[in-house]
Amino acid sequence: MTLKLYYSPGACSLASHIALCEAGADVELHLVKFTDNEQRSAEHLELNPLGRVPVLVTDRGTLTENPAILAWVARTCPQARLAPLDDPWAMAEVESFNSFVASSVHVAFSHLFRPGRWVDPEPAQKATAAKAPEIIRSMFDIVETKLASGPFVHGERFTTSDAYLCVMSRWLFRTGVGDAARFPRTRAHAALVQARPATLAALAAEGLTAI
């Protein structure tokens, strides 16, 4: 069965897209236009009641949430070596980092991009967005320390964590929240991952370029 990936260009769904390209999976892409609020359409809400991407439709059903999709791709396509499947501890480290990205890094960006999701009064939204860069930078201070064992998140081997982090790093540098002087390892990591053929293919398919 051809997999179906529902995505929005440059959104966090890019992480799953990169992993699928790394795995050489046969994927049918479905663009969800956030500018047209398509993520809130009845059709999309039937796939994901949260109205978000990524959504991956498989022959077993529908998956949402990057950590789950990334783990599924790694396990379904072991030949791609996207995770240390034979080492329970190392695999837990990959899943721990991916959970950190999902629950902390991405959420910090959400406070910057969509403060109205968290608070209602406009002054509170402005204060939330103003605070977010400080939190985001503190998250990437942790990432910088983690990358000391680099060049990849977990050392010498590319994993799903690298695809996920690359997307967050693109947000970091695109928004100007972070700079290469403070986050040199993160910047080098982003360049390394964006030079990979699979990442270039995913970016091109979404109409994006490396940053």
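Here the structure is a predicted model, which means the values were calculated and not measured.
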Practice item. Could you check Thr175 against Phe113 for side-chain contact (heavy atoms from CB on, under 4.5 Å), going step by step and ending with a plain yes or no? Key: CA-CA 10 Å; Thr175 58; Phe113 296 153; 3.7 Å; yes
Practice item. Examine the side chains of Thr64 and Asn48 and answer whether a donor and an acceptor come within less than 3.5 Å of each other. Key: no
Review point. Would Val101 and Val107 show up in the same hydrophobic cluster when neighbours are defined by side-chain heavy atoms closer than 4.5 Å?
Key: no
**Study point:** Heavy-atom pair of closest approach, residues Ala74 and Leu85
**Key:** O-CD1, 3.4 Å
Exercise for review: Examine distances only and state if a side-chain atom of Ser138 and a backbone atom of Ile135 form a donor-acceptor pair shorter than 3.5 Å.
Suggested key: yes
Point to revise | Phe152 six-ring centre to Arg157 NZ/CZ under 6.0 Å and within 45° of normal | key: no
Exercise for review: Give the C-alpha distance, both sets of side-chain angles, the deciding distance and a yes or no for side-chain contact (heavy atoms from CB on, under 4.5 Å) between Tyr6 and Leu29.
Suggested key: CA-CA 6 Å; Tyr6 290 77; Leu29 297 176; over 6 Å; no
Exercise for review: Taking all non-hydrogen atoms of both residues into account, name the closest pair between Val153 and Ser149 and its distance.
Suggested key: O-OG, 4.0 Å
Check your understanding: Does the side chain of Arg196 come within less than 4.5 Å of Glu22's, by heavy atoms?
Key -> yes
Check your understanding: Quick one: are Lys4 and Val27 in side-chain contact, heavy atoms under 4.5 Å?
Key -> no
Review point. Any chain of hydrophobic side-chain contacts (each under 4.5 Å) joining Val32 to Val57?
Key: yes
Review point. Does the pair Thr186 and Glu144 meet the rule for a side chain to side chain donor-acceptor pair (under 3.5 Å), with working shown?
Key: CA-CA 6 Å; Thr186 302; Glu144 276 290 301; 2.7 Å; yes
**Study point:** Side chain Thr145, main chain Asp141, donor-acceptor under 3.5 Å
**Key:** yes
**Study point:** Neighbour count above 12 (heavy atom, 6.0 Å) for Gln79 CD
**Key:** yes
Check your understanding: Ignoring hydrogens and geometry, is there a side-chain-to-backbone donor-acceptor pair from Ser110 to His106 under 3.5 Å?
Key -> no
Point to revise | Val119 with Leu112, same ILVMFWY side-chain cluster at under 4.5 Å | key: no
Check your understanding: Taking C-beta and beyond as the side chain, do Val73 and Ser16 meet within less than 4.5 Å on heavy atoms?
Key -> no
Review point. Are side-chain heavy atoms of Ile136 and Leu172 found at a separation under 4.5 Å?
Key: yes
**Study point:** Nearest-0.5 Å distance that lies between atom OG in Ser13 and atom CD1 in Ile18
**Key:** 10.0 Å
Exercise for review: Report yes if the side chains of Phe158 and Leu192 come closer than 4.5 Å at any heavy-atom pair, otherwise no.
Suggested key: no
Point to revise | Any Tyr7 side-chain heavy atom under 4.5 Å of Pro54 side chain | key: no
Check your understanding: Cut-off 3.5 Å, side chains only: do Ser161 and His154 have a donor facing an acceptor?
Key -> yes
**Study point:** Single-linkage hydrophobic cluster Ile142~Met168, side-chain heavy atoms < 4.5 angstrom
**Key:** yes
Check your understanding: Does the pair Asn66 and Asn98 meet the rule for a side-chain contact (heavy atoms from CB on, under 4.5 Å), with working shown?
Key -> CA-CA 8 Å; Asn66 269 310; Asn98 291 350; over 6 Å; no
Check your understanding: Is there a side-chain contact between Val55 and Thr62 (heavy atoms, below 4.5 Å)?
Key -> yes
Exercise for review: Salt-bridge test for Arg75 and Glu95: reply yes if a basic N is under 4.0 Å from a carboxylate O, no otherwise.
Suggested key: yes
**Study point:** Cation-pi check, Arg182 onto Phe140 ring (under 6.0 Å, within 45° of axis)
**Key:** no
Review point. Which heavy atom of Arg185 sits nearest a heavy atom of Ala148, and at what distance?
Key: NH1-CB, 3.5 Å
Study note, to complete from the structure: Here the gap from Gln125 atom CD to Arg117 atom CZ, rounded to the nearest 0.5 Å, amounts to 12.0 Å
Check your understanding: Okay, side chain of Gln194, backbone of Leu200: is any donor-acceptor separation there less than 3.5 Å?
Key -> no
Check your understanding: Does the side chain of Thr2 pick up a donor-acceptor pair with the side chain of Glu28 at under 3.5 Å?
Key -> no
Review point. Are Phe183 and Tyr164 connected, step by step, through hydrophobic side chains (Ile, Leu, Val, Met, Phe, Trp, Tyr) whose heavy atoms are closer than 4.5 Å?
Key: yes
Check your understanding: Which of parallel (below 30°), tilted (30 to 60°) and perpendicular (above 60°) describes Trp171 and Phe109?
Key -> perpendicular
Point to revise | Approximate separation, where rounding is to 0.5 Å, of Asp36 CG and Ser41 OG | key: 10.5 Å
**Study point:** Arg81 atom CZ: more than 12 heavy-atom contacts under 6.0 Å
**Key:** no
Exercise for review: Please check if the side chain of Arg40 supplies one atom and the backbone of Leu45 the other of a donor-acceptor pair under 3.5 Å.
Suggested key: no
Exercise for review: Kindly say whether Gly61 contributes a backbone atom to a donor-acceptor pair with the side chain of Thr58 at under 3.5 angstrom?
Suggested key: yes
Practice item. Test side chain to side chain donor-acceptor pair (under 3.5 Å) on Glu38 and His44 and set out the steps. Key: CA-CA 7 Å; Glu38 288 183 353; His44 192 74; over 6 Å; no
Check your understanding: If you measure from OG1 on Thr160 to CE on Met91, what distance do you get to the nearest 0.5 Å?
Key -> 6.5 Å
Check your understanding: Is any NZ, NE, NH1 or NH2 atom of the basic residue among Glu65 and Arg52 found under 4.0 Å from an Asp or Glu carboxylate oxygen of the other?
Key -> no
Review point. Would you say the side chain of Leu14 lies within less than 4.5 Å of the side chain of Leu203, judging by non-hydrogen atoms?
Key: yes
Practice item. Starting at CG of Leu5, measure out to CG of Leu63 and round the result to the nearest 0.5 Å. Key: 11.0 Å
Practice item. Measure the spacing between CG of Asp162 and CG of Leu82 and express it to the nearest 0.5 Å. Key: 10.0 Å
